[in-house]
Amino acid sequence: MKNIVILISGGGSNMAAIVKTAKTQHWETTLDAKVAAVISNRADAAGLPWAKEQGINTEHIDHKSYVSREAFDQALIQRIDAYNPSLVVLAGFMRILSADFVNHYAGKIVNIHPSLLPAFTGLHTHQRAIDAGCKFAGATVHQVTAELDVGPILAQAVVPVLETDTELTLAARVLTQEHVMYPIAIAKLLASS
Ligand code: GRF
């Protein structure tokens, strides 16, 4: 069985989309894969109780309890590796990961970023797209490498930017597409691994 470990920090709507798709598409039989655990660095991440209700292992590891980024990352590695993961999925995990962490999961860690990379790495992507006058925006699924938001691109979803858009309306339009794209990209990776 290929175990998927999903890391979140907040609402977890992408995580929920992956879990729901895994269920409706019977990934356990079709891909020999399952979501083994959802781990958050924030205790109040809304996705945690939801995942627990689905019968998924959930864990909270508070980054503030560790003296350094490296110490937190090492603790996180230990918890993730307890599930013997084939794939680590970042889904709104708001922590910069150390090179040691990323290298430990080389080739089996992916992220979703709310812009059409390589444009707008980092934060506030939707406002920056509006400010730049972009006519299209979107999201990108990519392999994670030591450099933030810069790994090889696996999938992209494109949406129009409307004259009337605010950061919030654009984010909502992009998020809807993320929920479609991320499970497909993950299923593709699992099928080829
Ligand atoms: C998404 O916009 C994703 O692209 C970004 O963080 C947000 C997470 O949202 N990395 P959610 O927690 O999945 O609802």
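Whatever order the structure lists ligands and atoms in, that order sets their numbers, starting from 1. Values below: every heavy atom of this structure, side chains too, minus hydrogens, waters and symmetry copies. Numbers for residues simply follow the sequence, beginning at 1.
Taking a 4.0 Å cut-off on heavy atoms, G12 registers as neighbouring ligand 1. Between I112 and ligand 1 there is a heavy-atom distance shorter than 4.0 Å.
Looking only at heavy atoms of the protein, atom 1 (C) of ligand 1 is closest to E178 OE1, 3.2 Å. Counting only heavy atoms of the protein, atom 7 (C) of ligand 1 lies nearest to G92 CA, 4.2 Å.
Of the charged side-chain nitrogens involved, none lies within less than 4.0 Å of a carboxylate oxygen, so that E28 and K34 do not count as a salt-bridged pair. At a threshold of 4.0 Å, the pair D165-R173 counts as salt-bridged, since one of the basic side-chain nitrogens sits closer than that to a carboxylate oxygen.
Each of the following atoms of ligand 1 lies closer than 4.0 Å to a heavy atom of G11: 12 (O).
Residue N14 has at least one nitrogen or oxygen atom sitting less than 3.5 Å from a nitrogen or oxygen atom of ligand 1, judged on distance alone. Among the atoms of S13, some N or O lies under 3.5 angstrom from an N or O of ligand 1.
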From CA spacing to verdict: side chain to side chain donor-acceptor pair (under 3.5 Å), N111, Y182
CA-CA 9 Å; N111 181 42; Y182 212 4; 5.0 Å; no
Test side chain to side chain donor-acceptor pair (under 3.5 Å) on S13 and H179 and set out the steps.
CA-CA 7 Å; S13 68; H179 298 162; 2.7 Å; yes
Check the pair V110, V88 against side-chain contact (heavy atoms from CB on, under 4.5 Å), reporting the backbone distance first and the verdict last.
CA-CA 7 Å; V110 293; V88 176; over 6 Å; no
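Other residues, nucleotides and ligands contribute over 12 non-hydrogen atoms within 6.0 Å of the NE2 atom of H60.
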